[in-house]
There are 4 protein chains.
Amino acid sequence: MTDGRTRRRDDTKQRLYDAAMELIAEHGFSSTTVDDIAVAAGVAKGTVYYNFPSKNALFEALLRHGVGLLTTDFRAAVAGAGTPPEQAVALIRAELAYIQRHRSFAQLLLSEMWRTNREWHQTLHLLRDEAVGVIAEVLERGVAEGHFDADLDVRMASAALFGVCLVVAVDWLVFEPDRSLESVQDSLIAVIRARVGI
Amino acid sequence: MTDGRTRRRDDTKQRLYDAAMELIAEHGFSSTTVDDIAVAAGVAKGTVYYNFPSKNALFEALLRHGVGLLTTDFRAAVAGAGTPPEQAVALIRAELAYIQRHRSFAQLLLSEMWRTNREWHQTLHLLRDEAVGVIAEVLERGVAEGHFDADLDVRMASAALFGVCLVVAVDWLVFEPDRSLESVQDSLIAVIRARVGI
Amino acid sequence: MTDGRTRRRDDTKQRLYDAAMELIAEHGFSSTTVDDIAVAAGVAKGTVYYNFPSKNALFEALLRHGVGLLTTDFRAAVAGAGTPPEQAVALIRAELAYIQRHRSFAQLLLSEMWRTNREWHQTLHLLRDEAVGVIAEVLERGVAEGHFDADLDVRMASAALFGVCLVVAVDWLVFEPDRSLESVQDSLIAVIRARVGI
Amino acid sequence: MTDGRTRRRDDTKQRLYDAAMELIAEHGFSSTTVDDIAVAAGVAKGTVYYNFPSKNALFEALLRHGVGLLTTDFRAAVAGAGTPPEQAVALIRAELAYIQRHRSFAQLLLSEMWRTNREWHQTLHLLRDEAVGVIAEVLERGVAEGHFDADLDVRMASAALFGVCLVVAVDWLVFEPDRSLESVQDSLIAVIRARVGI
DNA sequence: CATGAATGAGCATTCATTCAT
DNA sequence: CATGAATGAATGCTCATTCAT
């Protein structure tokens, strides 16, 4: 039955996604072999190529998948909070939580986001704009409504906010994995709020 | 003459460093071949193996070299400024300037810094502590002297500061390469200073 | 209905023949994939294996089919002409016409006819004898009836005649495809007739 | 020493040529693996790729090599004979002799010469013109000097002569390998000369 | 009758490493 | 001190074949 076949195929694709995500995040794209992915997904190597035209294509699909989830989380965070400052806090929490759940993907972004001349660079660029764009919207609204400094460089601020969460979260998961999400979130917000006075 | 030979050898090593840095930063470690490095350095492939025991060893030496330079710049920045807040600003400037000069190395750090299970992970970890440690010292002194909030999470703050500079700088060089160092620095400091009010 | 099903099955087989002939002739046996054949025939890959036990078997059937048609044409040409010399001309015309209609098959023969150690070599050998045999018969009769030189090496002459038509026809179709069949036929007969005087 | 290294490399290349020629002629291009070639040449697989950029490139070099030799033989045959008819006979003998020595190459030509859409088609086309061109020159001179029919289609005649030798020679080597070159040559010339009377 | 997802052996190609010169 | 020819294990990808539906 079509239904059965389709379900079977979707299963396979999902298992390949999961396996590839884990492996590529841990070892990087080039060091992850298609063989590894197949073994981890519990299928034959040919099955990878039956479901994706190439290793690159699988990776691109992966990026799309991962950033899509993140953007969805971002949108939900914004929708669930009231004022821009509250939304910003919600975004930070959402990003940290996402990274906690998909640590591997965060390492992937860190590795690939600013690397040019890769086949999937274009794809990643667009996806990034999608995700960071949600942050930028909030900051813009915050500026418009007088919550944030009027001359805030929104582009840089959103990139910086996105990036600092990324870096802090990954650092946390690598070096202090036992610390709780709440603790990290509180510290990070404190750091951002801190009148560092510089 | 020994002197001449040594100098010649150092030359070769330096050229290999430069070539490898450029290539690995641009394409990643796995995607850079020893052949590429040899060609870019203008030597035969065997020469790479005459000067370094392996590709991994070359890369470790590279990391040591690069982080060493950064740490030196950090120390100079601290020495050239008075109070901790001034030192912090000097550190930001130093990091941005370093990345501008060695953009490739920054991308390298971003890719490798938080990736475990690589042969050189240990090395990189130690080096990172060396560099980030300089930032931490300044923040600690700032807290001790009452410049910064007393309950500042210094560990996280220094990691965050290091990371945010890294991310902002790379983002700058990739997406707005024509912007000046000063402009970026000013914006970044403004963003950090901003009573974001969250 | 049995009739309907049979016809449908024959349709599928014919479409597979046509598709395979075209593709194998153009790209060779090894470079033609079963996938290509299925797509070109507009059926699923499994259908190829439902109708033929293997790719090799499909190819053998193809050879049988193609040479069978050629032999039939040869027989018709002989039957439609009077004396051996006239029959020889008719054979030349038949071969050229056949190749014009099935150019792909001619290229196939050229590639495979003299290649030993292929699974289907035996098959092809027998088929060849069938077709070239018709030419040989005509030449033999021509010798017996005094039309041709008494000491003609009939075996070689028939092979040579068969081959020269093959080569000339393929050359024509590849390099001067706009030339007419008649023109080629006339030139070829003139060349054969020519007292080259060597 | 450069000399030693160079000689060693040339040796390797020659051995690869020989091995590849034999194998590709016998089994065809697609069915011959680089592994086979390496084993037959007595080197490691990587060595093939150290000496040629790809399997295709090796094959193109092979074609150049083989047709080059044939053309040289053709030129020598023409130079060693007096009148165009004598030169034509010498060419036939040269072609038969060449094919006897390089039977594999002849099968190769038969398979590839009229196959379009292959990467090396262009190369082969040019090479063919070079070799067949020598025959055409002789025929042209023969016509000009009144040895051959004035309205001879030289283009076709040279292609036909080249092709008929090819076909006859291969047929000979496959089906009557014990027959002598002289015998075949005599029969072939007799066939060509025969007032077939068609 | 026909389908198409899945398989795994096989292939062209790459590349870190060795070593004779 | 430097070279570059040679190596062979590893890798991305192909494709004939199988089989559950």
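Numbered from 1 within each chain, the chains take letters A, B, ... in sequence-line order. Predicted, not measured: the structure shown is a model, and the values here were computed from it.
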> Under the criterion ring-ring contact (aromatic ring centres under 6.0 Å, His included), which of Phe105(A), Trp120(A), Phe52(A) is the partner of Phe59(A)?
Replying inline: Trp120(A)
> Under 4.0 angstrom, heavy atoms only, what part of the nucleic acid is Val48(A) near: base, sugar-phosphate, or nothing?
Replying inline: nothing
>> Using side-chain heavy atoms (C-beta onward) and a distance below 4.5 Å, is Leu108(A) in contact with Leu63(A)?
In response: yes
>> Here's a test of your reading of the structure: between Thr32(A) and Lys55(C), which maps to the more 5' nucleotide of DNA chain F?
In response: Thr32(A)
>> On DNA chain F, does the nearest nucleotide to Asn56(C) precede the nearest nucleotide to Gly46(B) from the 5' side, or the other way round? Give the residue.
In response: Gly46(B)
> How many angstroms lie between atom CD of Gln107(D) and atom OG of Ser111(C), to the nearest 0.5 angstrom?
Replying inline: 11.0 Å
I want to verify a distance call: between [options], whose nearest atom is closest to the [X] side chain?
X        : options                 : value
Ser54(A) : dT7(F), dC13(F), dA2(E) : dC13(F)
Val34(D) : dA12(E), dT7(F), dA6(F) : dA12(E)
Thr47(B) : dA16(F), dT3(F), dA6(E) : dT3(F)

> Any N or O donor-acceptor pair linking the side chain of Lys45(D) to the base of dT7(F) at under 3.5 Å?
Replying inline: no
How long is the line joining [atom1] of [X] and [atom2] of [N], in whole Å?
X        : N       : atom1 : atom2 : answer
Phe29(A) : dT11(F) : CZ    : P     : 13 Å
Tyr49(B) : dA20(E) : OH    : P     : 18 Å
Ile37(A) : dT11(F) : CD1   : P     : 12 Å
Asn51(D) : dG8(F)  : CG    : C1'   : 16 Å
Asp36(A) : dA10(F) : CG    : C1'   : 11 Å
His27(D) : dC11(E) : NE2   : C1'   : 16 Å
Tyr50(D) : dA5(F)  : OH    : P     : 3 Å
Asp35(C) : dC13(F) : CG    : P     : 17 Å

> When you measure from the centre of the six-membered ring of Phe29(B), is the NZ or CZ of Lys55(B) under 6.0 Å away and within 45° of the axis?
Replying inline: yes
> Taking any strand in view, what nucleotide pairs with dT21(F) in a Watson-Crick or G-U wobble way, both distances under 3.5 Å?
Replying inline: dA2(E)
> Which one is paired to dG8(E), where only Watson-Crick or G-U wobble pairs with both distances under 3.5 angstrom count?
Replying inline: dC15(F)
> Taking atom P in both dC1(E) and dT21(F), what distance in whole Å separates the two?
Replying inline: 23 Å
> Side chains of Glu60(B) and Asn56(B): do they bring a donor and an acceptor to under 3.5 Å?
Replying inline: no
> Does Gly42(C) or Val43(A) map to a spot on DNA chain E nearer the 5' end, using the closest nucleotide for each?
Replying inline: Gly42(C)
>> On the nucleotide dA6(F), are OP1 or OP2 found under 4.0 Å from the side-chain N or O atoms that Thr12(D) carries?
In response: yes
